[in-house]
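One structure below.
Chain letters run A, B, ... following the sequence lines, proteins first, then strands; residues in each count from 1. In what follows, every heavy atom counts, from backbone to side chain, and hydrogens, waters and symmetry copies are set aside. For clarity, every value in this text was computed on a predicted model and none was experimentally measured.
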2 protein chains.
Amino acid sequence: MSSPARKLDIREANEALILRAAEKQFALHGFRGTTTEGIANEARLPKANVHYYFKTKANLYRQVLKGILEDWMDAAAAFEADDDPQRALTAYITAKMQFSRQRPYGSRVWASEIMRGAPVMERFLGTTLKTWVNARVRTIRSWISAGKIRAVDPESLLYMIWAVTQHYADFERQIAILNGGNAFDERQYRERVEQVLKLILGSVGFEAQEMTRVRQRASA
Amino acid sequence: MSSPARKLDIREANEALILRAAEKQFALHGFRGTTTEGIANEARLPKANVHYYFKTKANLYRQVLKGILEDWMDAAAAFEADDDPQRALTAYITAKMQFSRQRPYGSRVWASEIMRGAPVMERFLGTTLKTWVNARVRTIRSWISAGKIRAVDPESLLYMIWAVTQHYADFERQIAILNGGNAFDERQYRERVEQVLKLILGSVGFEAQEMTRVRQRASA
DNA sequence: GTCTATACGTTGATAGAC
DNA sequence: GTCTATCAACGTATAGAC
């Protein structure tokens, strides 16, 4: 009952529960606007437990961001896997759209953190992210030199990919209201991924012959 | 000295001061995370004055959003002014990029409001914005039918424009850090507007003259 | 119109019973 | 490991002197 293994299980389960609740609250209300009581209620635990497991609100916030960064890295890896621009961009955009779908609150915590000036993520942005961006910029430049894509500014292209893919997580509510009050279902979201791919690939010069199956925009 | 005209001047000046300070604070910390004291400090006024002019924090927040919506409408008008897709899209994207440049905090307040579920803007989104979007969707469909642009999903295109243009306001800090720690200067920003135009216009099939020849399909 | 003082609820964090 | 009770600090808002 109180064996070390059992205790670890409880700890892990509760920590995961609190992290998930915290991610949602931080996404909805930002760091300052989130209360530990709000997190506790969301996790259906007493407020004191939140402090027992994570000590301070600031520390819990850092742990939430850390989890998001891990998933971010996974999506980033999709870009590096292939040297063909169409395949690499498709893999990356698809991974980012999946992240937005599966972890919309994580995306919003990131957005909120940057909107307030990125006090916690500053270091990550200036080191890991900058290094990653520099490498991607070189890859894109090589594609341009080889005539594989149009001559666009690589950073502008990267930012467009981030902006568009994250928009579907961060502005989910607006999109749902404009969709008649309903969030996208799975079918709608898959179709949207196709459209995003078509638009972004189109912006660097690829036309949509490869994905003509999806195109169904003839009717009024 | 205390003539009605003079009093009105003071009121208007202070209200404007508080509104600007509030916009910044709400942008940085969201509705809940913003304190009336923070707004007062930002405006260099005593906390009580904020309540004297705007009564409650919630009301001040609504006034800030109202001001942002007005500017948003102005930018929206740029889309309707022209029936030629290239000119209409260029005017709209340029107006939106200018808004992001001149009012980055306004853009972030909007983002923050939507990320928390749009409790205040819900009505606007479902009425004015939805009507505007529907009209724009019809326009874009007519361009597609007339063969003036590629057959893309109109809403996906609109969302891409919003996402990309607002990204430069909402993620300003991240962009600055990736830019070596410095925010874009005027020249850099103008160039970025050109790149954004090139990418988005390219996504619907317009190619910049300079690189018409460069475009060749990547042979895998 | 301005601002100090303050009422009163909320919040982050902890102590200590279970 | 769990949770109730508690507290100092902070937050919104107002009263009332100037």
- To the nearest Å, how far apart are A:Ile18 CD1 and C:dA13 C1'? 15 Å

- Query: If you pin B:Asn49 and B:Arg32 to their nearest nucleotides in DNA chain C, which one's is more 5'?
  - Reply: B:Asn49

- Message: Output the rounded distance in Å from CD (A:Glu12) to C1' (D:dG1).
- Response: 15 Å

- Item | Atom-pair distance (CD on A:Glu37; P on D:dC3), nearest Å | 15 Å

- Query: Taking atom types as modelled, is there a side-chain donor on B:Arg101 or B:Tyr168 under 3.5 Å from an acceptor on the other?
  - Reply: no

- Task: Look at all strands and tell whether B:Phe54 reaches a base, only sugar-phosphate, or nothing, counting heavy atoms closer than 4.0 Å.
- Result: nothing

- Ranking D:dT4, C:dG1, D:dG1 by distance to the side chain of A:Pro46, first place goes to D:dT4

- Query: How many Å lie between CG on A:Asn59 and P on C:dA13, as a whole number?
  - Reply: 10 Å

- Grab the NZ-P distance between A:Lys47 and C:dT10 for me, whole Å please. 11 Å

- Message: Measuring to OP1 and OP2 of C:dT11, would you say a side-chain N or O of A:Thr36 lies under 4.0 angstrom away?
- Response: no

- Query: Which nucleotide in the set C:dT14, D:dG11, D:dT2 lies at the smallest distance from any side-chain heavy atom of B:Thr35?
  - Reply: D:dG11

- Message: For a quick check under 3.5 Å, do B:Trp143 and B:Gln86 share a side-chain donor-acceptor pair by atom type?
- Response: no

- Report the residue from B:Arg103, B:Arg108, B:Lys66 that forms a salt bridge (Lys or Arg N to Asp or Glu O under 4.0 Å) with B:Glu23. B:Arg103

- Query: Do A:Lys198 and B:Asp153 sit within salt-bridge range, that is, some charged N less than 4.0 Å from a carboxylate O?
  - Reply: no

- Task: State whether B:His51 places a side-chain N or O below 4.0 Å from either non-bridging phosphate oxygen (OP1 or OP2) of D:dT14.
- Result: no

- Task: Round to a whole Å and report the spacing from CD1 of B:Ile10 to C1' of C:dG1.
- Result: 7 Å

- Task: Let me know the distance between NZ of B:Lys55 and C1' of D:dT12, rounded to the nearest Å.
- Result: 12 Å

- Message: Can you tell me whether the side chain of B:Lys57 and the base of D:dG11 have a donor-acceptor pair closer than 3.5 Å?
- Response: no

- Could you state the CG-P distance from A:Leu60 to C:dT11, rounded to the nearest angstrom? 16 Å

- Query: Is the charged tip of B:Arg136 near the ring of B:Phe79: under 6.0 Å from the six-membered ring centre and within 45° of its axis?
  - Reply: yes

- Think A:Tyr52 has a side-chain N or O under 4.0 angstrom from the OP1 or OP2 of D:dC3? no

